[in-house]
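Right, one structure below, let's go through it.
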Amino acid sequence: MRLHTREWGTGDRIALLVHGLMSDHRTWHRVAPALVDRGYRVIGVDLRGHGASERGDYRIELFADDLVETLPTGAELALGHSIGALSLSLAVDRLRPARAVYADPAWAFDGSAQMLDPTIFAQIKTVSRRLLWSFNPRWDEADVDIEVATLADWDPATVHTLPLSERTDWTPERPVVPSLVLAADPSRLVSEGLKKELASRGFEVRTVLGAGHTLHRDDFDGFMEALDGWA
C-alpha cells in the first residue's frame, strides 16, 4: 500500500518519521520543523488505517511492507515511535537508513501489560478532549487538539496488530544499522532488563527522564536533546 505522506523542508538529507498507534503524521508537528532546522527534508507517513492512508488488513508485517513501498531508501535518519518503531525495525533492512531511532518501541510486552484488552484502545476513539488532556497533562494545547483530530481519522481495528502476548517478541537480535533506543521513564515497553539486553546486542539506549510513552509530546526538549549525536 502506498501511504499518505507529509513533507517538511527541502534538500537531499532525508529524515523519515513513523508514528505510533492511533496517531498519524501530525504527531510530529514540533519534531519535524526542529529536524528541518537541523538541515533535513522530513517525510512523515500515515500508517494504513491512520490519517489519510487507506484501510485494509492490519498486520505488523504489512505495516512494514507499506513503509518500504512508500519511503525512499538510504535516508540519513529514520525515527519510529511505539508500533511505528516496531514497523520500522521490520523494514530497516530494506530501507537502509544511515541511522535508526526507536522511541519506546512496542517490540514486546512484559507481564504487567499482558492483560491489556485491545477493545480498551478502541474506546479511546471517542474520548473527550477534557479527559484526553487529563490523561496527558504535560501535552500542550496543540497536541491535545491534534490527538482529537487523529483519533477521528483512525480505524480502531488496527489495535489487533498489538503484540500483547509474551509469545510475540519482535525485539531485534542486533541493529541492522547504527541504532538508538529511547525509553520512557518509566517504560512499560522497555524495561531495565531489556535496556541492558539491547545494549549487549549493540544498540545505544537512552532514557528521557520523566517522560511518558509519547516522549516527544511529554517532553519535547528532552526528546530532542536525547537525539544529540544522532540527528
Side-chain angles (χ1 to χ4, degrees), residues 3-11 14-53 70-71 77-85 87-88 101-106 120-156 158-159 182-189 206-228 230-231:
L3 303 174
H4 176 264
T5 62
R6 162 74 193 276
E7 293 195 21
W8 298 261
T10 59
I14 297 175
L16 310 175
L17 300 179
V18 187
H19 64 83
L21 193 72
M22 301 185 290
S23 193
D24 62 35
H25 73 272
R26 289 171 284 187
T27 191
W28 307 113
H29 74 105
R30 297 181 71 188
V31 175
L35 292 176
V36 170
D37 289 343
R38 297 187 182 198
Y40 290 98
R41 173 164 65 95
V42 180
I43 305 174
V45 300
D46 293 348
L47 294 172
R48 64 168 61 197
H50 298 76
S53 287
T70 303
L71 296 172
L77 175 70
L79 190 161
H81 171 241
S82 191
I83 288 293
S87 303
L88 175 62
V101 178
Y102 303 107
D104 223 34
I120 294 174
F121 291 87
Q123 294 170 7
I124 295 174
K125 183 175 174 67
T126 58
V127 72
S128 70
R129 185 183 188 281
R130 182 177 180 179
L131 188 59
L132 184 64
W133 207 345
S134 71
F135 288 155
N136 302 282
R138 298 184 65 183
W139 291 10
D140 64 24
E141 203 163 340
D143 280 315
V144 178
D145 290 338
I146 286 171
E147 188 73 355
V148 170
T150 56
L151 285 172
D153 292 334
W154 164 62
D155 182 358
T158 59
V159 298
L182 297 180
D185 176 39
S187 174
R188 299 184 72 178
L189 297 173
R206 299 177 182 178
T207 301
V208 182
L209 297 177
H213 178 57
T214 52
L215 314 167
H216 56 289
R217 288 172 153 176
D218 278 0
D219 185 359
F220 170 73
D221 292 334
F223 178 81
M224 295 306 299
E225 288 173 7
L227 294 178
D228 283 350
W230 287 81

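Worth knowing before you read on, the calculation uses all heavy atoms, side chains too, and leaves out hydrogens, waters and symmetry mates. In this text, all values refer to a predicted model and were calculated from it rather than measured experimentally. For this chain, numbers begin at 1 and follow the sequence in order.
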Query raised in the report: Are Arg30 and Asp140 close enough that some pair of their side-chain heavy atoms sits under 4.5 Å apart?
Result: yes

Query raised in the report: Got a second to check how far Leu215's CG is from Leu209's CG, nearest 0.5 Å?
Result: 11.0 Å

Query raised in the report: Side chains of Trp154 and Val159: closer than 4.5 Å at any heavy-atom pair?
Result: yes

Query raised in the report: Does Ser53 use its side chain to pair, donor to acceptor, with the backbone of Gly49 at less than 3.5 Å?
Result: no

Query raised in the report: Given the rule in the salt bridge (charged side-chain N to carboxylate O under 4.0 Å, His left out) test, do Arg129 and Asp145 qualify, once you have shown the distances and angles that lead to the verdict?
Result: CA-CA 8 Å; Arg129 185 183 188 281; Asp145 290 338; 2.7 Å; yes

Query raised in the report: Can you name the nearest heavy-atom pair linking Arg38 to Ala231, along with the distance?
Result: NH1-O, 2.7 Å

Query raised in the report: So, the side chain of His19 versus the backbone of Gly84: is there a donor-acceptor pair under 3.5 Å, distance only?
Result: no

Requested in this report: For residues Leu79 and Leu227, determine if any side-chain heavy atom of one lies less than 4.5 Å from a side-chain heavy atom of the other.
Outcome: yes

Query raised in the report: Does the Arg41 side chain pair with the main chain of Gly11, one donor and one acceptor, at a distance under 3.5 Å?
Result: yes

Requested in this report: Ignoring hydrogens and angles, tell me if any N or O in the side chain of Arg206 forms a donor-acceptor pair with the backbone of Ala226 under 3.5 Å.
Outcome: yes

Query raised in the report: Does the side chain of Leu35 come within less than 4.5 Å of Leu17's, by heavy atoms?
Result: yes

Query raised in the report: Taking all atoms of both residues into account, what is the closest heavy-atom pair of Trp139 and Trp133, and its distance?
Result: O-NE1, 3.3 Å

Query raised in the report: Which heavy-atom pair separates Gly20 from Ser82 by the least distance, and what is that distance?
Result: CA-CB, 4.2 Å

Requested in this report: Look only at the side chain of Arg138 and the backbone of Gly212, and say whether a donor-acceptor pair between them is shorter than 3.5 Å.
Outcome: no

Query raised in the report: Of all heavy-atom pairs between Leu151 and Lys125, which one has the smallest distance, and what is that distance?
Result: O-NZ, 2.7 Å

**Report entry** Heavy-atom side-chain contact between Thr5 and His25 under 4.5 Å
**Finding:** no

Requested in this report: Without swapping roles, check the side chain of Thr158 against the backbone of Asp155 for a donor-acceptor pair under 3.5 Å.
Outcome: yes

Query raised in the report: Any donor and acceptor pair, going by atom type alone, linking the side chain of Asp185 with main-chain N or O of Thr207 inside 3.5 Å?
Result: no

Report task. Decide yes or no for Trp28 and Val42: does some side-chain heavy atom of the first lie under 4.5 Å from some side-chain heavy atom of the second? Result -> no

Query - Nearest-0.5 Å distance that lies between atom CD1 in Ile43 and atom CG in Leu71 - result: 6.5 Å

Requested in this report: Examine distances only and state if a side-chain atom of Asp46 and a backbone atom of Ala52 form a donor-acceptor pair shorter than 3.5 Å.
Outcome: yes

Query - Test side-chain hydrogen bond (donor to acceptor under 3.5 Å, both in side chains) applied to Arg217 - qualifying residues, sequence neighbours left out - result: Thr27, Asp143, Glu147

Query raised in the report: Would you say the side chain of Tyr102 lies within less than 4.5 Å of the side chain of Leu182, judging by non-hydrogen atoms?
Result: no

Report task. Compute whether any side-chain donor of one residue and acceptor of the other, for Ser187 and Asp104, lie under 3.5 angstrom apart. Result -> yes

Report task. Please name the pair of heavy atoms, one in Thr70 and one in Leu3, separated by the smallest distance, quoted to 0.1 Å. Result -> OG1-N, 2.9 Å

Query - Sidechain-backbone polar pair: Trp8 side chain, His29 backbone, donor-acceptor under 3.5 Å - result: no

Report task. Could you tell me if the ring centre of His81 sits under 6.0 Å from that of His213? Result -> yes

Report summary line: All heavy atoms of Tyr40 vs all of Trp230, minimum pair found to be OH-O, 4.3 Å

